[in-house]
Protein chains: 2
Amino acid sequence: MLNYQPPTDPEQLARWLKVLAEPKRLRIFNLLMQGVQCNCELGDALQMAPNLISHHLAKLRDAGLVDVTRDTRDARWVYYAVNRAALEQLNAAFGAFFDPNRIQPRHPACGPQGNLIPPDAVTLAEP
Amino acid sequence: MLNYQPPTDPEQLARWLKVLAEPKRLRIFNLLMQGVQCNCELGDALQMAPNLISHHLAKLRDAGLVDVTRDTRDARWVYYAVNRAALEQLNAAFGAFFDPNRIQPRHPACGPQGNLIPPDAVTLAEP
DNA sequence: CTGATAGTTCAACATGCGTTGAATTATAGG
DNA sequence: CCTATAATTCAACGCATGTTGAACTATCAG
């Protein structure tokens, strides 16, 4: 079979989610989705200091979500881009894990197994 | 159009991700995907104290990801279930945001715009 | 009323992590 | 060499939040 990918284990998914759950990191990733970006370009767009950008990019890079490239003419410039393979795996893993059709309607094994009342009728924390 | 859902804004997606990025919370949610569960059942399965389960379930509930139901015969028992509508919205939002086809191949606007070398040839942090 | 059960709420603690400013590295140009 | 630039690394701070144990609610059974 072509393009086969082994199923992503939940722990890998959890690691990816932890990296992407940071708001500013998600915004950085969103900009990278729009094309290769250097540190300064991201900093200008998001009004963030370059060392902060570096910090967040390192997290994304450690998670394997983005790739790094240096300019051949002037090696001081570093370009970042989304790792497409990782993104495909992430997207597939998330879609499978949170697939609504995966929801099982089984009743709880404990408790008196009484009839359930609709969630609308429940007020738990609201005073 | 039937079943139309307005596009989920990125901030809502970030909020959901933040809630789901917690490993134990993700495991709780995974169990809920397998059917309605009460607090004690989740605690037994994950070897966690009931107050911790309560704490994490509250976060999932506040995020609108799970619904609460009380037993009609014995109101001491509380059952939790995945909110299917929220899950569908989450899944759609995530799939759209992290769609690999959304990646734009544009070149950086800053820097000398030099030719890019393949990421394989780059060693940044590894000594 | 009394005790047991299921669950939540509260207060205190611990720690992970985003943030900040300064120091450091690497490269380019003169 | 010497300075400027792009980016990273480091140390310190502060806050958010997961964890823990105890107190508290609510409900049911006798």
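Every chain is numbered from 1, with letters handed out A, B, ... down the list of sequences. Note that these values count all heavy atoms, side chains included, but never hydrogens, waters or copies made by symmetry. This structure is a prediction, so every number in the text was calculated from the model and none was measured.
- A:R27 is not listed as a side-chain neighbour of A:R25, based on a closest heavy-atom distance of 4.5 Å or more.
- The side chain of B:Y80 sits closest to C:dG7 out of D:dT5, C:dG7, D:dA7.
- Remark: P of C:dA6 and CZ of B:R70 are 13 Å apart, rounded to the nearest angstrom.
- Each of D:dA7, D:dT19, C:dT19 was ranked by its minimum atom distance to the side chain of A:K24; first place goes to C:dT19.
- Atom CZ in A:R61 sits roughly 12 Å away from atom C1' in D:dA7 (whole-Å rounding).
- Between A:R25 and C:dG18, a side-chain N or O to OP1/OP2 separation shorter than 4.0 Å is present.
- A:D74 and A:R76 are joined by a salt bridge, as a carboxylate oxygen and a charged side-chain nitrogen come within less than 4.0 angstrom of each other.
- B:D74 places its CG atom 20 Å from the P atom of D:dT25, with the value rounded to the nearest Å.
- Residue A:H56 places at least one side-chain N or O closer than 4.0 Å to OP1 or OP2 of C:dT19.
- In this structure, B:D62 places its CG atom 12 Å from P of D:dG18, rounding to the nearest Å.
- Between B:V66 and B:N83, the closest side-chain pair of non-hydrogen atoms is not below 4.5 Å.
- In this entry the distance linking CD of B:Q37 with P of C:dA6 reads 16 Å, nearest Å.
- Of the possible polar contacts, one joining the A:R70 side chain to the A:A75 backbone as a donor-acceptor pair under 3.5 Å is found.
- If you check C:dA4, D:dA7, C:dT27 against the side chain of A:C40, the one that comes closest is D:dA7.
- Phosphate proximity of D:dG18 to B:K59: present, with a side-chain N or O under 4.0 Å from OP1 or OP2.
- Side-chain N/O atoms of B:N51 and base N/O atoms of C:dG7 include no donor-acceptor pair closer than 3.5 Å.
- For the pair A:K18 and B:L52, nearest-nucleotide mapping onto DNA chain C gives the more 5' position to B:L52.
- For the pair B:Q47 CD and D:dT19 P, the computed distance is 14 Å after rounding to whole Å.
- Here the P atom of nucleotide D:dT9 and the CD1 atom of A:I53 are 15 Å apart, to the nearest Å.
- Distance, B:D71 CG to D:dA29 P: 11 Å, rounded to whole Å.
- Taking every side-chain heavy atom of A:N39 into account, D:dA7 is the closest of C:dA4, D:dA7, D:dT5.
- Using a 4.5 Å heavy-atom cutoff, the side chains of B:F29 and B:V19 are not in contact.
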